[in-house]
Amino acid sequence: MLDIKVIRERPDLVRQRLSTRGAGDEKQVDKILDLDAQRRQKLSWVETLKARRNLVSKEIGVLMGQKKAAEAEVKKRETRELGDLIAQLDKEAAGIEVTLRETMLRLPNLPHESVPSGRSAEDNPVIRVHGEKPALAFKPKSHVELCESLQLVDFGRAAKLAGSGFVLYTNWGAKLERALIHFLLELHTGEHGYTEVSPPFMVGPQCLEGVGQFPKFADQYYAVQEGLDPATLGKLYLIPTAETPVANIHREEILPERQLPICYCAYTPCFRGEAGAAGVGTRGMIRVHQFDKVELVKIVKPETGYEEQEKMVAHVERVLQLLGLHYRVVLLCTGDMGFASAKTYDIEVWAPGQGSYLEVSSVSNCEDFQSRRMNLRFKTDSGENKFPHLLNGSGTALARLFVALVETYQQADGSLAVPPALQPLLKTDRISKP
RNA sequence: GGAGAGAUGGCAGAGUGGUUUAAUGCGCACGCCUGGAAAGCGUGAAUACUCCAAAAGGGUAUCGGGGGUUCAAAUCCCCCUCUCUCCGCCA
């Protein structure tokens, strides 16, 4: 959520920054300014009346104490009338307040000034490239073919269990997935200073609202129902990313400044409805309804946010370097950025079988957009309450990392070499046909 | 799922309709005292919104959340959430 004071004081700047996203959100600014003015006018009026009522009520108390019932009756009549008017105005003010908040919650974050203008993914500049596309002496196979022949994944039976868009890892596939989770958590907690947490995989709607997934994108997530009771539907949602529970850990808290930065790292499965994305990458594991991910979340002082974001990108890059994968870092342009983000880097890993780069990580600085929504603050050493900046980054998404690994490490004989970093965990240097 | 108890400020804890400005204690900050400290004494200290050009200052709301009764609610009534104790069921 944007700061209403910034909208009030610098509406032109807000309109200009919103317009760079190309979604027409700047049109909402006038509506917000109007609602804000109405709200304050109403509030000022009703609060004056309340002050009067409180004063007279107190006088009634004194009169009652002195047994002057008749005088008290006169004053009661006045406060009764005031009360009716107050109730009416309160109702009107609450209505305006709700409309204002609903509008504000649907407004995306302002892109940071360092973010290049652009309309779509095609306008995203490549910041750097690491390594080179592996030169295979044979025609690379797709991960689908490799997974089937090596029996790493059973796509058919996964569909039998849960429909299309789900993965059943089997045998070495399951072991590889587990090894990757372990490898990532150990790296980020052991070398990058993150604290490991393991959150609930379902959360209430207020958490989705807190990070900006609700109310605007409510159709993309799985709502859970308890048993056969439809009244429980929508009280909990399957998390689309660990960011949702982890970023909300300290919601509605006031943290002491010395606790910052807080750096969390969590493994969770991620559940996504992918409504409207049907038919895209239906074959294989590139776009699925459930995938594993290790997520990084930082709660930081505003002035250190962009520095911390660069560090987080480096932490993600370290993963791909240790696994010996070719990747590139892309800076998302204004038109391609997520709703809550002020600046996002995508890290894309090369998948030889696909002949393309796959997004395995997205590292965003959401500034105070989310902390405002969840009312998360920190108290400075001088006693002032401020909104911290929130960062999140995948470190990394596993299904696609799995694809890149399988396709990169495939051998001419159809087997798979195991990258050195994973050999101690898998206790082998090669995965062959069973 | 059943029965009961509870939720008050940083923490503990009093407060069953009106001079309550939420007592008191602990903790915290500052000051006095001291060679320095402790003790003692004094002072201060929540959050949000809002009014005022700003500052100073004022107003409103907030005692888990929501609604109701009343001129007036931490206090009475209803609903919800969470915590604790016991029972049942369960990995």
Side-chain angles (χ1 to χ4, degrees), chain A residues 1-10 32-101 103-105 198-207 209-210 224 226-237 245 248-259 368 371-388:
Chain A
M1 198 155 58
L2 302 180
D3 185 353
I4 184 71
K5 286 184 195 134
V6 172
I7 299 179
R8 201 185 288 156
E9 283 156 26
R10 306 179 68 184
I32 288 170
L33 287 172
D34 180 48
L35 286 167
D36 178 51
Q38 281 186 49
R39 174 181 156 272
R40 285 194 292 162
Q41 193 191 6
K42 255 331 158 221
L43 226 50
S44 144
W45 187 10
V46 75
E47 283 179 2
T48 307
L49 297 179
K50 281 182 182 174
R52 172 73 188 158
R53 180 179 64 179
N54 288 347
L55 186 76
V56 178
S57 274
K58 204 157 276 184
E59 288 171 6
I60 293 171
V62 174
L63 290 171
M64 297 295 275
Q66 299 168 350
K67 309 271 188 225
K68 295 181 181 169
E71 284 176 53
E73 267 321 304
V74 175
K75 294 200 180 273
K76 277 191 194 181
R77 201 172 312 135
E78 180 186 351
T79 47
R80 235 190 308 264
E81 280 162 18
L82 274 174
D84 291 344
L85 189 51
I86 287 167
Q88 162 91 19
L89 289 170
D90 259 345
K91 211 169 155 187
E92 289 172 22
I96 293 166
E97 186 97 45
V98 166
T99 313
L100 177 60
R101 182 170 164 83
T103 312
M104 293 281 287
L105 283 174
S198 180
F201 298 164
M202 291 190 264
V203 293
Q206 74 282 1
C207 289
E209 185 183 284
V224 175
E226 198 180 325
L228 298 174
D229 182 1
T232 62
L233 180 64
K235 289 195 168 174
L236 289 172
Y237 292 80
N248 277 288
I249 287 175
H250 298 288
R251 74 189 336 270
E252 282 159 49
E253 289 182 27
I254 301 173
L255 303 163
E257 177 171 6
R258 62 182 157 72
Q259 251 183 48
D368 61 5
S371 49
R372 271 179 203 287
R373 288 176 161 245
M374 56 180 78
N375 200 22
L376 164 64
R377 290 162 295 172
F378 73 99
K379 194 178 280 291
T380 64
D381 294 334
S382 56
E384 194 185 352
N385 286 345
K386 284 186 173 174
F387 292 104

So does A:Arg377 get a backbone contact from the side chain of A:Asn385, meaning a donor-acceptor N/O pair under 3.5 Å?
no
Is the backbone of A:Pro388 close enough, under 3.5 Å, to the side chain of A:Ser371 for a donor and an acceptor to pair up by distance?
yes
Between [M] and [N] - [atom1] atom distance, rounded Å:
N	M	atom1	result
B:A14	B:G66	C1'	27 Å
B:U16	B:C76	P	8 Å
B:G42	B:U8	P	29 Å
B:A12	B:G27	C1'	10 Å
B:C28	B:A46	C1'	13 Å
B:U24	B:C78	C1'	34 Å
B:G1	B:A61	C1'	39 Å
B:G13	B:G25	C1'	8 Å

Return the pairing partner of [N] with a 3.5 Å limit on both distances, Watson-Crick or G-U wobble; otherwise return none.
N	result
B:C86	B:G2
B:U24	B:A12
B:A29	B:U43
B:G18	B:C71
B:A37	none
B:U60	B:A48
B:A7	B:U81
B:A53	none

Base, sugar-phosphate alone, or nothing: which one does A:Arg8 contact when heavy atoms must sit under 4.0 Å apart?
sugar-phosphate
Which is true for A:Lys379 with a 4.0 Å heavy-atom rule: it touches a base, it touches only sugar-phosphate, or it touches nothing?
sugar-phosphate
What residues form a side chain to side chain contact (heavy atoms under 4.5 Å, CB included) with A:Pro199, not counting sequence neighbours?
A:Pro245, A:Val246, A:Ala266, A:Thr268
Starting from the C-alpha separation in whole Å, work towards a yes-or-no answer on side chain to side chain contact (heavy atoms under 4.5 Å, CB included) for A:Asn375 and A:Arg251.
CA-CA 6 Å; A:Asn375 200 22; A:Arg251 74 189 336 270; over 6 Å; no
Phosphate OP1/OP2 of B:U50: any A:Arg39 side-chain N/O under 4.0 Å:
yes
Is the phosphate of B:C49, meaning OP1 or OP2, less than 4.0 Å from a side-chain N or O of A:Arg40?
no
Rounding to a whole Å, what distance do you find between [X]:[atom1] and [N]:[atom2]?
X	N	atom1	atom2	answer
A:Leu255	B:G10	CG	C1'	14 Å
A:Asn385	B:A45	CG	C1'	13 Å
A:Phe378	B:U47	CZ	C1'	16 Å
A:Ile254	B:G9	CD1	C1'	12 Å
A:Gln41	B:C52	CD	P	12 Å
A:Asp3	B:A48	CG	C1'	13 Å
A:Arg101	B:C49	CZ	C1'	14 Å
A:Asn375	B:U62	CG	C1'	13 Å

Polar pairs (N or O, both sides) under 3.5 Å between protein and nucleotides 58-60 of chain B?
unit_1: B:G59; atom_1: N2; unit_2: A:Glu47; atom_2: OE1; d: 2.9
unit_1: B:U60; atom_1: OP1; unit_2: A:Asn54; atom_2: ND2; d: 3.2

Got a sec, which residues hit salt bridge (Lys or Arg N to Asp or Glu O under 4.0 Å) with [X], two or more places apart in sequence or on another chain?
X	answer
A:Glu81	none
A:Arg77	none
A:Glu253	none
A:Glu252	none

Could you list, one pair per line, each protein nitrogen or oxygen that sits under 3.5 Å from a nitrogen or oxygen of nucleotides 64-74 of chain B, together with the distance?
unit_1: B:C71; atom_1: OP1; unit_2: A:Arg80; atom_2: NH1; d: 2.4
unit_1: B:C71; atom_1: O4'; unit_2: A:Thr79; atom_2: OG1; d: 3.1
unit_1: B:C71; atom_1: O2'; unit_2: A:Ser57; atom_2: OG; d: 3.1
unit_1: B:C71; atom_1: O2'; unit_2: A:Thr79; atom_2: OG1; d: 3.0
unit_1: B:A72; atom_1: O4'; unit_2: A:Ser57; atom_2: OG; d: 3.3

Thinking salt bridges, do A:Asp36 and A:Arg40 make one under a 4.0 Å N-O criterion?
yes
Could you pull out all residues at least two apart from A:Glu97 that satisfy side-chain hydrogen bond (donor to acceptor under 3.5 Å, both in side chains)?
A:Arg39
For A:Asp36 and for A:Lys235, locate the closest nucleotide of RNA chain B by heavy-atom distance; then report the residue assigned to the nucleotide nearer the 5' terminus.
A:Asp36
Distance in Å, A:Asn248 CG paired with A:His250 NE2, rounded so as to fall on 0.5 Å steps
10.5 Å
Give the table of side-chain donor-acceptor pairs shorter than 3.5 Å for residues 46-57 of chain A, with sequence neighbours excluded, one pair per line with atom names and distance.
unit_1: A:Thr48; atom_1: OG1; unit_2: A:Ser44; atom_2: O; d: 2.7
unit_1: A:Lys50; atom_1: NZ; unit_2: A:Asp90; atom_2: OD1; d: 3.3
unit_1: A:Lys50; atom_1: NZ; unit_2: A:Asp90; atom_2: OD2; d: 3.3
unit_1: A:Arg52; atom_1: NE; unit_2: A:Glu78; atom_2: OE2; d: 2.9
unit_1: A:Arg52; atom_1: NH2; unit_2: A:Glu78; atom_2: OE1; d: 3.3
unit_1: A:Arg52; atom_1: NH2; unit_2: A:Glu78; atom_2: OE2; d: 2.9
unit_1: A:Ser57; atom_1: OG; unit_2: A:Arg53; atom_2: O; d: 3.3

